[in-house]
Chemist: 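What follows is a structure written as structure tokens; I'll ask about it next.
Reckoned from all heavy atoms, side chains included, excluding hydrogens, waters and symmetry mates. A note on names: the letters A, B, ... follow the listed sequences, proteins ahead of strands, and every chain is numbered from 1. Note that the structure is predicted; figures quoted are calculated from it, not measured.
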Amino acid sequence: SQKIEQNSEALNIQEGKTATLTCNYTNYSPAYLQWYRQDPGRGPVFLLLIRENEKEKRKERLKVTFDTTLKQSLFHITASQPADSATYLCAPLYNFNKFYFGSGTKLNVKP
Amino acid sequence: DTGVSQNPRHKITKRGQNVTFRCDPISEHNRLYWYRQTLGQGPEFLTYFQNEAQLEKSRLLSDRFSAERPKGSFSTLEIQRTEQGDSAMYLCASSPIGGSYEQYFGPGTRLTVT
């Protein structure tokens, strides 16, 4: 079965810096890889999707990369703000009927 | 508000009781998913509906769990003979056919089994 690894340790950064979160997967590459944000007590919120044949995707201060050789996706938040503090989940799509999520990485942005 | 809604938001029940949760997806979304999430973990897939058809069900789901989406609109998730290990947040998500397959999640139902 597929294994999805995200750093379980919280990432603490200073406001204004770039946050970089990592998602590693095993076995074969997914057709798509999604990133979600989750705040405490709430459901996840979709942020970005990157396709297997795309190297990079951007949306405002967010950037996602996808390296199928390394079996890794990186999620970047530039000019981070305290409001970006949340848990970020990656979700590789192998089967459109069934989604797998990583355990998430908690980001703390300090003012 | 036209987002995904879930009811109830919180449920406390005694071990052995049956519970039922309801999910109302975004109206034009054909796809509906149920997940379970425990503290410190990501959402764990339970089952998937496309319209009224249940097309996928996790092997982790025991016979005590059942889900329905009778008219392809709202869905219910029932847990029979609840156990303490069933305590978790139960999330529902809907998604339109095609596009980026992004899922829109509801606020979840937090179940506590005492």
Chemist: Above 12 or not: heavy atoms from other molecules or residues under 6.0 Å from CD of A:Glu60?
Modeler: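 Result for CD/A:Glu60: open.
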
Chemist: Using a 4.5 angstrom heavy-atom cutoff, name the option from A:Gln6, A:Lys98, A:Arg51 with the most pairs to chain B.
Modeler: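 Counting heavy-atom pairs under 4.5 Å, the top option is A:Lys98.
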
Chemist: Verify the cluster assignment for A:Ile4 and A:Leu11: are they in a single hydrophobic cluster under the rule of side-chain heavy atoms below 4.5 Å apart?
Modeler: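 Linked within one cluster.
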
Chemist: Any link between A:Val64 and A:Val45 through a network of hydrophobic side chains (Ile, Leu, Val, Met, Phe, Trp, Tyr) touching at under 4.5 Å?
Modeler: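 A:Val64 does not cluster with A:Val45.
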
Chemist: Give the member of A:Gly43, A:Gly102, A:Ser103 that has the highest number of heavy-atom pairs under 4.5 Å with chain B.
Modeler: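 Among the listed options, the one with the most contacts to chain B is A:Ser103.
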
Chemist: Side-chain heavy atoms under 4.5 angstrom apart, residues restricted to Ile, Leu, Val, Met, Phe, Trp, Tyr: same cluster for A:Ile77 and A:Ile13?
Modeler: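 Yes; A:Ile13 is reachable from A:Ile77 via cluster members.
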
Chemist: Treat each ILVMFWY residue as a node, draw an edge where side-chain heavy atoms are under 4.5 Å apart, and state whether B:Phe74 and B:Tyr104 are in one component.
Modeler: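 Different clusters.
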
Chemist: Which answer fits B:Arg9, side chain, backbone, both or neither, if we ask what part of it has an atom under 4.5 Å from a heavy atom of chain A?
Modeler: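 Contact with chain A: side chain only.
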
Chemist: At their closest point, which heavy atom of A:Asn97 faces which heavy atom of B:Arg31, and how far apart are they?
Modeler: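 What the structure gives for the nearest pair is OD1-NH1, 4.1 Å.
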
Chemist: For B:Lys11, look at atom NZ and say whether over 12 heavy atoms of other residues, nucleotides or ligands are found less than 6.0 Å away.
Modeler: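 Atom NZ in B:Lys11 is not crowded, with 12 or fewer foreign heavy atoms closer than 6.0 Å.
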
Chemist: At a heavy-atom separation under 4.5 Å, does B:Tyr35 approach chain A through its side chain, its backbone, both, or neither?
Modeler: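 Just the side chain, heavy atoms under 4.5 Å.
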
Chemist: If I compare all heavy atoms of A:Gln38 with all of B:Leu91, which pair ends up nearest, and what's the gap?
Modeler: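 Residues A:Gln38 and B:Leu91, closest heavy atoms: NE2-CD1, 4.4 Å.
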
Chemist: For B:Gln37, is it the side chain, the backbone, both or neither that has a heavy atom under 4.5 Å from a heavy atom of chain A?
Modeler: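 Side chain only.
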
Chemist: Is it the case that over 12 heavy atoms from other parts of the model lie below 6.0 angstrom from the CD atom of B:Glu68?
Modeler: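 Not more than 12 within 6.0 Å, no.
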
Chemist: Can you tell me if B:Glu28 has over 12 outside heavy atoms packed within less than 6.0 Å of its CD?
Modeler: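 Yes, enclosed.
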
Chemist: Without swapping roles, check the side chain of A:Gln34 against the backbone of B:Tyr101 for a donor-acceptor pair under 3.5 Å.
Modeler: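 Yes, the answer is positive, given that a donor and an acceptor are paired below the 3.5 Å cut-off.
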
Chemist: Of the listed residues (B:Ser58, B:Gly40, B:Gly42), which shares the most heavy-atom pairs with chain A below a 4.5 Å separation?
Modeler: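 Answer, by heavy-atom pair count under 4.5 Å with chain A: B:Gly42.
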
Chemist: How about A:Phe99 and B:Tyr33: do any of their side-chain heavy atoms sit closer than 4.5 Å?
Modeler: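 A side-chain contact under 4.5 Å exists here.
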
Chemist: Step through the shown structure and confirm whether more than 12 heavy atoms of other residues, nucleotides or ligands are within 6.0 Å of CG on B:Asp63.
Modeler: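 Not buried by this count: 12 neighbours or fewer within 6.0 Å.
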
Chemist: Taking all non-hydrogen atoms of both residues, which atom of B:Pro43 and which atom of A:Leu89 are closest, and how far apart?
Modeler: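 Here B:Pro43 and A:Leu89 meet closest at CD-CD1, 3.9 Å.
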
Chemist: Any chain of hydrophobic side-chain contacts (each under 4.5 Å) joining A:Leu74 to A:Phe46?
Modeler: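 No, A:Leu74 and A:Phe46 fall in different hydrophobic clusters.
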
Chemist: What's the spacing between A:Phe101 CZ and B:Glu44 CD if we round to 0.5 Å?
Modeler: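 Atom-to-atom, A:Phe101:CZ and B:Glu44:CD are 12.0 Å apart.
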
Chemist: Once you round to the nearest 0.5 Å, how far does CG of A:Leu47 lie from CD of B:Glu102?
Modeler: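 Here the rounded value is 11.5 Å.
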
Chemist: Among A:Gly104, A:Pro44, A:Cys90, single out the residue with the greatest number of heavy-atom pairs under 4.5 Å to chain B.
Modeler: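 Looking at each of A:Gly104, A:Pro44, A:Cys90 in turn, A:Pro44 comes out on top.
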
Chemist: CG/A:Leu93 to CD/B:Gln103 distance, rounded to the nearest 0.5 angstrom?
Modeler: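 Between atom CG of A:Leu93 and atom CD of B:Gln103 there are 7.5 Å.
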
